[in-house]
Participant: 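First the structure, which I've put down as structure tokens, then a few questions once you've had a look.
All chains are named by letter (A, B, ...) in the order of the sequence lines, taking the proteins before the strands, and each is independently numbered beginning at 1.
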There are 2 protein chains.
Amino acid sequence: MTPRDARPADERSFLASYDASAFPHPSVAVDVAVVTIEDGELKALLVRRTEHPHRGRWSLPGGFVGMRESLDAAARRVLAGKGGLSKVYLEQLYTFGAPKRDPRTRVISIAYYALVHPGKLRDIGIESDTSRLATLQVPWAGEEGGRVHAVDERGRKLPLAFDHADMLGLVVLRLRGKLDYAGIGFELLPREFTLRQLQTVYETILDRSLNKDSFRRRMLASGRVVPTGRQEAHVGHRPAALYRFSRDV
Amino acid sequence: MTPRDARPADERSFLASYDASAFPHPSVAVDVAVVTIEDGELKALLVRRTEHPHRGRWSLPGGFVGMRESLDAAARRVLAGKGGLSKVYLEQLYTFGAPKRDPRTRVISIAYYALVHPGKLRDIGIESDTSRLATLQVPWAGEEGGRVHAVDERGRKLPLAFDHADMLGLVVLRLRGKLDYAGIGFELLPREFTLRQLQTVYETILDRSLNKDSFRRRMLASGRVVPTGRQEAHVGHRPAALYRFSRDV
DNA sequence: TTGACAAATATGCCTGATGCATATATGCTA
DNA sequence: TAGCATATATGCATCAGGCATATTTGTCAA
């Protein structure tokens, strides 16, 4: 939509008929869930809040949307601010707009999620006092009070600010839904990977074990996975062949 | 996100550290695609714009989001304004925020889609000078210039305002993706329906024909379709059994 | 140098779902 | 009351997924 439909449709100029300052506008922000898989666990990048509200809690990195900036551009700017994450898979997730989600003023937030493989994330030195990679604990699907928890390396729950737990919960559901459909699994792996690594990504996202043989057959038959001719080295057993993702079909 | 992360984290009160009037905010609107299936065609409710910009073009019904109103509530309010569409399936689709999508000022629009069966829509008297049910012509998936067209009953293209063609395109993709997964097909049918009607819904959304026997077996085996014991009447051939949707698996 | 190891890779079979063809049932209409 | 058009039922071939078993191959330790 755009003009106020309820307005009398007389012949004033469109500038006169739409006065942006005539009523208050909400603030618009983006929040970005940077997700990776490490040691068979889903993890997300969290930053500690240093200001009210929810001071001391953990939140997704975010920022306000500039007046001349697209939503995607705002999300990429937030990513760039977090140590140079560029060229990563980024997709809009959902828009959160409960009137009281921020106690200060009305803030509507467009949530995004980015997928990175753990090596890339560790390279840019994420862990610090105000930034960490938190493990996502996903309760059983549809379970009562099935909210996603973020925990530290010792399993202690990290308190999340605002509705960011809802955002992370939606990320998990979206990943499960798009896993087969789109090439999401590959975004969480380095450029070359073994089928075992790919299966671990699938099993982590789906939170269930998969049949090894049929997984292998299905992936090879899909044509989205092509052998590079190389194989792993120094793994203490027969090395697996390395594959890469093929976008075409 | 919420506070300005770049701000110095000193000890001023949070009210002082966040001045909503210090920088301009975009307008926030919702647009709702009311979708139905009639005569084996996907159709959407369009309204004719009576003001600039895109005066005379067709657009999705929409409205601005109130400062104390959730996004879902805003979308339902828009629906209620269109002749009393309540209790319909409504789901957030995607948020469109290109800086120039509205030439007047920055407007960020959260697109929704609603699913209705055609009887319900016809009952409330949709067709008029400024409102109509337009057929969606969906080009072959991934085809060059694969934009969705809205056409009138004679097949003439209706010009769409803003990025509303993109919105309708996304609706179609979303419907295809969620068709098997969620109970979307049933929202486009009356409370009791035949398996043939359900198959037509599936074929219309997927834009391909399905095997009748396996479709029937699959639906009955899914447990989401239960017989009511009743059957159609006066159809000029053997009447089909009537079924209804069962939410519990 | 060689054998044990651990996981990758290969092969075969069973089962269930889907595609397809054919046969039968049934309310409506002329 | 016969014919019609479509629903419903049954049988079979094909294919993908689940599962078990056998073989292959770098690594590491004796």
Participant: Please classify the nucleic acid contact of Ala241(A) as base, sugar-phosphate, or nothing, using heavy-atom distances under 4.0 Å.
Facilitator: sugar-phosphate
Participant: Between dG17(D) atom P and Met219(A) atom CE, what is the distance in whole Å?
Facilitator: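 To the nearest whole Å, that distance equals 10 Å.
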Participant: Distance check: side-chain N/O of His237(B) vs OP1/OP2 of dC4(D), anything under 4.0 Å?
Facilitator: no
Participant: Grab the CG-C1' distance between Asp213(B) and dA7(D) for me, whole Å please.
Facilitator: 11 Å
Participant: Please report the distance, rounded to the nearest Å, between CD in Gln199(B) and C1' in dT18(C).
Facilitator: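 Interatomic distance, CD of Gln199(B) to C1' of dT18(C): 13 Å.
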Participant: Below the 4.0 Å mark, does dG18(D) have OP1 or OP2 next to a side-chain nitrogen or oxygen of Lys212(A)?
Facilitator: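 No, because none of the side-chain N or O atoms of Lys212(A) sits under 4.0 Å from OP1 or OP2 of dG18(D).
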Participant: Is there a donor and acceptor pair closer than 3.5 Å between the side chain of Arg217(B) and the base of dG19(C)?
Facilitator: yes
Participant: Taking atom C1' of dC19(D) as reference, at what distance in whole Å does atom CG of Leu210(A) sit?
Facilitator: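 That distance rounds to 15 Å.
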Participant: Side chain of Asn211(B): nearest nucleotide among dT27(D), dA8(C), dC20(C)?
Facilitator: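 Of all the options, the side chain of Asn211(B) is nearest to dC20(C).
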Participant: Verify the contact: side-chain N or O of Ser214(A) to OP1 or OP2 of dA16(D), cut-off strictly under 4.0 Å; return yes or no.
Facilitator: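 False: Ser214(A) side-chain N/O out of range (4.0 Å or more) of dA16(D) OP1/OP2.
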Participant: If we ignore hydrogens and angles and just use 3.5 Å, is the side chain of Asp163(B) paired with the main-chain N or O of Asp166(B) as donor and acceptor?
Facilitator: no
Participant: Just to be sure I understand the rule, does Glu232(B) reach a base, reach only the sugar-phosphate, or reach nothing, if contact means heavy atoms closer than 4.0 Å?
Facilitator: nothing
Participant: Check the distance between dA8(C)'s C1' and Leu220(A)'s CG and give it to me in whole angstrom.
Facilitator: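 Spelled out: CG on Leu220(A) to C1' on dA8(C) is 12 Å.
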Participant: At less than 4.0 Å, is any side-chain N or O atom of Arg238(B) found next to OP1 or OP2 of dC28(C)? Yes or no.
Facilitator: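 Looking at the OP1 and OP2 atoms of dC28(C), neither is under 4.0 Å from any side-chain N or O of Arg238(B).
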Participant: Classify the ring geometry between Phe162(A) and His164(A) as parallel (under 30°), tilted (30 to 60°) or perpendicular (over 60°).
Facilitator: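 Rings of Phe162(A) and His164(A): tilted, 30 to 60°.
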Participant: Taking the six-membered ring for Trp, are Phe186(A) and Tyr89(A) ring centroids under 6.0 Å apart?
Facilitator: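 Between Phe186(A) and Tyr89(A), the centre distance exceeds or equals 6.0 Å.
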Participant: In whole Å, what is the span from the CZ atom of Phe215(A) to the P atom of dA8(C)?
Facilitator: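 So the two atoms are 12 Å apart, to the nearest Å.
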Participant: Just by modelled atom types, is the Leu210(A) backbone N or O under 3.5 Å from a matching donor or acceptor in the Glu203(A) side chain?
Facilitator: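 Side chain of Glu203(A) to backbone of Leu210(A): a pair is present.
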Participant: Roughly how many Å is it from CZ in Arg218(B) to C1' in dA16(D), rounded to a whole number?
Facilitator: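 Arg218(B) atom CZ is separated from dA16(D) atom C1' by 15 Å.
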Participant: Using modelled atom types and a 3.5 Å cut-off, is there a donor and acceptor pairing between side-chain atoms of Arg174(A) and backbone atoms of Leu93(A)?
Facilitator: yes
Participant: Under 4.0 angstrom, heavy atoms only, what part of the nucleic acid is Arg196(B) near: base, sugar-phosphate, or nothing?
Facilitator: sugar-phosphate
Participant: From CZ of Arg216(A) over to C1' of dA16(D), roughly how many Å is that when rounded to an integer?
Facilitator: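 Result: 17 Å.
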